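Okay, so here's the structure we're looking at.
Chain letters run A, B, ... following the sequence lines, proteins first and then strands; every chain starts at 1. Just the heavy atoms: all of them, side chains too, but no hydrogens, waters or symmetry mates, feed the values below. The model shown is predicted, which means the values in this text are computed figures rather than measured ones.
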Protein chains: 2
Amino acid sequence: MPDGLGRPATIKDVARACGLAPSTVSNALAGKAVVRPETRALVQRTAERLGYRASGLARGLRLQRTWTVGALVADIANPFFADLVRGMEDRLWAEGYSLAICSTDYDADKETALLRLLLDKRLDGLILASTASDSDEVPRLKRLGVPYVLLNRRHVSEPSDYVGMDNAVGTAAAVAHLAALGHRRIAFIQGPPRSSAAGERLAGYRGEMRRRFGGLDESLLAPGDYAAEQGRAAVDRFLVLPAPPTAIVAANDFMALGAMERLRERGLAVPGDVSVTGFDDIFVAALPWIGLTTVRPHSRDLGARAADLLLGRIGAPTAAEPREVILTSELVVRGTTGPAPLSAPPSSRRRATTPRR
Amino acid sequence: MPDGLGRPATIKDVARACGLAPSTVSNALAGKAVVRPETRALVQRTAERLGYRASGLARGLRLQRTWTVGALVADIANPFFADLVRGMEDRLWAEGYSLAICSTDYDADKETALLRLLLDKRLDGLILASTASDSDEVPRLKRLGVPYVLLNRRHVSEPSDYVGMDNAVGTAAAVAHLAALGHRRIAFIQGPPRSSAAGERLAGYRGEMRRRFGGLDESLLAPGDYAAEQGRAAVDRFLVLPAPPTAIVAANDFMALGAMERLRERGLAVPGDVSVTGFDDIFVAALPWIGLTTVRPHSRDLGARAADLLLGRIGAPTAAEPREVILTSELVVRGTTGPAPLSAPPSSRRRATTPRR
DNA sequence: TTGTAGGCGTTATCAG
DNA sequence: CTGATAACGCCTACAA
């Protein structure tokens with residue numbers, strides 16, 4: 001197994017050691033039927049002995065493939081994105097691909113720069129899980145003919161392969177659940193405005209509020225950017241209203257946690273005084289001390305499906321029509337939601353479910 | 001702008017459009033002083049117009065560099081590793097490198113296979129944050145001359161670039177803190193036996209116990225693998241002892257959380273009946289409902305320093321001696337530790353600290 | 001069944 | 001200052 005040379009063995013080294021031509025070695029190692037079995041065996045032994053492994057670089061240049069795909073996420077340190085990535089990774093690894101990841105920090109300029117970096121590398125495809133819904137990069141990729149899949153981010157104008165979830169159904173379910181508990185003043189903490197998923201979550205909330213109550217008090221809408229701090233700020237905002245909400249639906253779990261923290265600091269009980277729901281079901285939500293009622297999106301599956309679509313697109317670059325995969329979510333009811341304080345006195349009722357880990 | 005051809009523009013396309021030779025284009029774009037300023041300007045304009053970007057593949061083959069490094073972590077969905085990766089990523093991105101990540105799931109075979117995949121790609125270097133301390137892969141990499149850095153995993157025999165933390169100091173501090181609170185029967189939940197970091201954490205615990213109490217009851221040692229489930233199991237194990245521990249030091253936060261869950265299920269109060277400490281300070285630990293006393297390792301810094309070392313090694317492959325960087329940790333005291341129940345009655349005392357997010 | 005030649009897209013070297 | 005040539009390591013027609 002040692003090399004003996006100061007560099008990785010090349011196909012020429014193997015050829016020389018075997019007394020054969022490089023092309024024969026190539027054919028033998030590729031399992032082509034043309035080479036005689038004994039020759040193949042010799043080649044394989046020799047390659048093994050020299051520790052020969054074909055250079056992905058050279059092969060990539062020749063074949064115009066890298067067997068690497070790139071993933072752009074907002075922040076790999078956010079468990080939701082980490083789960084997405086984990087899903088992609090498993091699927092890609094099974095197909096012999098590796099995965100280059102980049103965190104954009106929701107920064108469009110950084111995203112553009114990262115995209116350029118990745119494109120220069122001539123990756124086989126890209127999964128975009130952080131792109132703004134109106135980004136110019138998406139049409140550009142399309143024009144360049146680079147295979148890509150949008151993950152949980154829909155583009156306003158460019159029809160694309162897309163994997164997402166029923167965001168609107170998720171928030172609607174949260175609202176319905178709260179309404180069934182007697183809540184009427186249900187507030188919403190939004191996600192980043194340029195994210196299509198955040199838009200859908202808002203739309204689900206709006207739709208269900210309209211259906212149930214015939215309308216919506218716009219003061220119950222707080223801006224947010226998925227960071228916990230915005231959840232805290234939203235609470236401060238809500239509590240100065242003439243009629244504060246009795247329930248808060250947050251567009252993601254982090255903001256829900258932030259809101260809960262702030263409510264607690266302000267001396268309000270959850271769910272006694274205010275019910276709270278989140279979105280994403282990051283593992284924290286399931287911890288018994290938290291028990292956050294939230295919408296579970298099956299993040300790993302989302303990542304895996306995105307990888308699936310991308311692999312398909314790499315196989316048939318321009319051919320097929322854009323495909324869409326929408327996974328269903330489910331409302332996981334835990335302990336942060338309870339009866340509305342006006343229709344029923346604050347209770348300490350808890351519907352604990354089995355923790356996920 | 002657009003390409004017009006069905007493929008990325010090549011240096012030849014630019015050369016042709018300019019009426020120059022490819023080598024001149026190359027020199028012009030590389031900013032070499034030999035080309036006349038007007039020529040350079042023409043080339044730059046044309047390259048821009050054609051949307052030319054040098055192929056990393058071809059350049060990599062020629063230069064024998066890929067400007068990509070690989071990172072092997074146990075599980076990117078684990079916040080500790082995600083933080084490490086985030087630290088690497090930021091540092092590498094600043095230097096124009098991209099990062100390929102792989103989760104090994106603590107599986108040696110998978111790790112070997114992933115390593116092979118990455119080596120075939122001829123990456124510029126590797127950061128190993130999941131490798132067992134006795135893995136054969138490390139000497140192999142050394143022999144191959146592939147730049148690599150071990151992160152939080154020391155190898156038993158192969159001197160290597162290494163970035164780690166004072167694991168032993170961390171657990172020792174936890175024990176000291178508990179001892180100061182009057183605890184004497186302090187149990188320990190171990191990490192995976194083949195991880196050097198886990199070994200150091202155990203050693204720190206052992207050392208401090210010996211120093212303080214002159215010895216150690218081996219029944220206070222539970223096996224673990226960093227998964228929450230092992231924390232639960234450890235509690236079951238401890239509670240059947242004739243003299244159960246009044247405090248538990250876990251080798252990571254997940255196991256600490258698992259232990260806390262189980263204690264709670266068994267009707268024991270934390271810290272009233274049993275104090276618990278963790279290790280890693282994942283963001284969950286800082287949530288006010290949890291308030292886990294734990295050791296903070298500055299994960300992102302660890303990742304960043306590993307990237308630093310690797311970049312240095314890539315610059316001077318064999319030259320320099322192996323370097324070591326050890327970052328200090330700090331004990332973050334929160335609400336899961338309190339006075340020992342025998343020396344003082346269980347109290348509801350809480351030392352809440354400011355939440356990190 | 002095996003060998004030869006050419007080219008994937010770059011850049012370094014050296015000649016003009 | 002610019003251009004021709006070779007080479008990085010591999011695969012694939014096609015020739016022998």
Determine the contact category for [X]: base if any of its heavy atoms lies under 4.0 Å from a base atom, sugar-phosphate if only primed atoms, P, OP1 or OP2 are that close, otherwise nothing.
X	result
Val34(B)	base
Ser23(B)	base
Leu57(B)	nothing
Leu20(B)	sugar-phosphate
Arg53(B)	sugar-phosphate

Charged N-O contact under 4.0 Å between [X] and [Y]:
X	Y	result
Arg86(A)	Asp90(A)	yes
Arg7(B)	Asp13(B)	yes
Arg305(B)	Asp301(B)	no
Arg140(B)	Glu137(B)	yes

Between [N] ([atom2]) and [X] ([atom1]): distance, integer Å:
X	N	atom1	atom2	result
Arg65(B)	dT10(C)	CZ	P	18 Å
Ile11(B)	dG7(C)	CD1	P	18 Å
Asn27(A)	dG3(C)	CG	C1'	11 Å
Lys32(B)	dC14(C)	NZ	C1'	14 Å
Leu29(A)	dT12(D)	CG	C1'	15 Å
Leu61(A)	dA7(D)	CG	P	17 Å
Arg62(B)	dG7(C)	CZ	P	19 Å
Arg122(B)	dT10(C)	CZ	P	21 Å

Below 4.0 Å: OP1/OP2 of [N] and any side-chain N or O of [X]:
X	N	value
Ser26(B)	dT10(C)	no
Gln64(A)	dG9(C)	yes
Thr39(B)	dT2(D)	yes

From C-beta outward on [X], which listed nucleotide comes closest to its side chain: [options]?
X	options	answer
Arg36(A)	dC10(D), dT2(C), dG9(C)	dT2(C)
Arg59(A)	dT10(C), dG9(D), dC11(D)	dC11(D)
Ala21(B)	dT2(C), dC8(D), dA4(D)	dA4(D)
Ser55(A)	dG9(C), dC10(D), dA12(C)	dC10(D)

Checklist entry - Between Leu63(B) and Gly19(A), which has a closest nucleotide on DNA chain C that is more 5'? => result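 Its nearest nucleotide being more 5', the pick is Gly19(A).
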Checklist entry - Lys121(B) and Thr68(B): side-chain donor and acceptor closer than 3.5 Å? => result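 The answer is no; no qualifying pair exists.
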Checklist entry - Of the options Thr104(A), Asp75(A), Asn152(A), Asp105(A), which is the one that meets Ser130(A) in a side-chain hydrogen bond (donor to acceptor under 3.5 Å, both in side chains)? => result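 When Thr104(A), Asp75(A), Asn152(A), Asp105(A) are each tested with Ser130(A), the side-chain hydrogen bond (donor to acceptor under 3.5 Å, both in side chains) holds only for Thr104(A).
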